Amino acid sequence: MCIDCNLLYMETRISHLKKKKRWSLVKFILLAIIIFIAFSIWRDQPDDWNHIFTAWIVAAIGGIFTTLSMSGRSEGEKAVDDLYTRMNPGDGLMYEGVGCLGRIAGAVLLAPLYTIGYAIKHFFRWVSSSNGLRKAKKEYEEYIALLQQRGELA
């Protein structure tokens, strides 16, 4: 790669890591706040089913969108769905409707667990992107210094 392409690649990588670091921290903080609120509601009266249900719903807010977005179909699953619809033309809409209802039910039931899992995931993503950003900046500075030393960069 030429010098300009290398510099552009390194600058783009640094920019990407900055965005990744920023958004993973924002997501972690929001999910941690939701978890804290849900835990506070439950802790207030842990034996009261109304408090348990309210805490579950509050915790679900953080994970339901992630759960639903994760329930997308892979290319292989889409091919199997298409094949099933061709073999059973009358059942296609029912098959997709039941699948959609199943994903929604799973999202509601598992969303609080996804909230906790994704809070942990985004925390570690923030840590790893911070480390990656630090290394990328160091490599960029070393590359610039090398180019200046060789006289290839003004």
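Numbering of residues begins at 1 and proceeds along the displayed sequence. Computed from a predicted structure; not experimentally measured.
- For the atom pair Ile120 CD1 and Ile35 CD1, the distance stands at 7.5 Å (nearest 0.5 Å).
- Leu8 and Leu147 fall into different hydrophobic clusters, where Ile, Leu, Val, Met, Phe, Trp and Tyr residues are linked whenever their side-chain heavy atoms come under 4.5 Å apart, directly or through other members.
- Listed by chain and number, the residues in a side chain to side chain donor-acceptor pair (under 3.5 Å) with Glu11 are Tyr140 (sequence neighbours excluded).
- The heavy-atom pair separating Ala59 from Thr115 by the smallest distance is O-OG1, 2.6 Å.
- Rounded to the nearest 0.5 angstrom, Ser15 OG and Met10 CE are separated by 15.0 Å.
- With values rounded to the nearest 0.5 angstrom, Ile52 atom CD1 is found 12.5 Å from Ile57 atom CD1.
- There is a path of hydrophobic side-chain contacts, each under 4.5 Å, that joins Ile29 to Phe124.
- Atom CG of Leu25 and atom OG of Ser130 lie 8.0 Å apart (nearest 0.5 Å).
- Note on Trp23: it does not cluster hydrophobically with Ile34, by side-chain heavy-atom contacts below 4.5 Å among ILVMFWY residues.
- Transitive grouping of hydrophobic side chains (ILVMFWY, heavy atoms separated by less than 4.5 Å) keeps Phe39 and Ile41 in distinct clusters.
- Across every non-hydrogen atom of Lys137 and Ile14, the tightest pair is CA-CD1, 4.0 Å.
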Working for side-chain contact (heavy atoms from CB on, under 4.5 Å), residues Leu7 and Tyr143: CA-CA 8 Å; Leu7 288 173; Tyr143 187 66; 3.7 Å; yes
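- Using a 4.5 Å heavy-atom cutoff, the side chains of Ile33 and Phe36 are not in contact.
- When all heavy atoms of Ser24 and Trp126 are compared, the pair lying nearest together is OG-CA, 3.2 Å.
- Of all non-hydrogen atoms in Leu17 and Ala136, the two that sit nearest each other are CD1-CB, 3.9 Å.
- Cluster membership check: Ile37 shares its hydrophobic cluster with Phe123, using side-chain heavy-atom separations under 4.5 Å among Ile, Leu, Val, Met, Phe, Trp and Tyr.
- Counting only residues at least two apart or in different chains, salt bridge (Lys or Arg N to Asp or Glu O under 4.0 Å) contacts with residues 35-62 are absent.
- Contacts classified as salt bridge (Lys or Arg N to Asp or Glu O under 4.0 Å) and involving residues 13-30 (residues at least two apart or in different chains) are given here: Arg13-Glu139.
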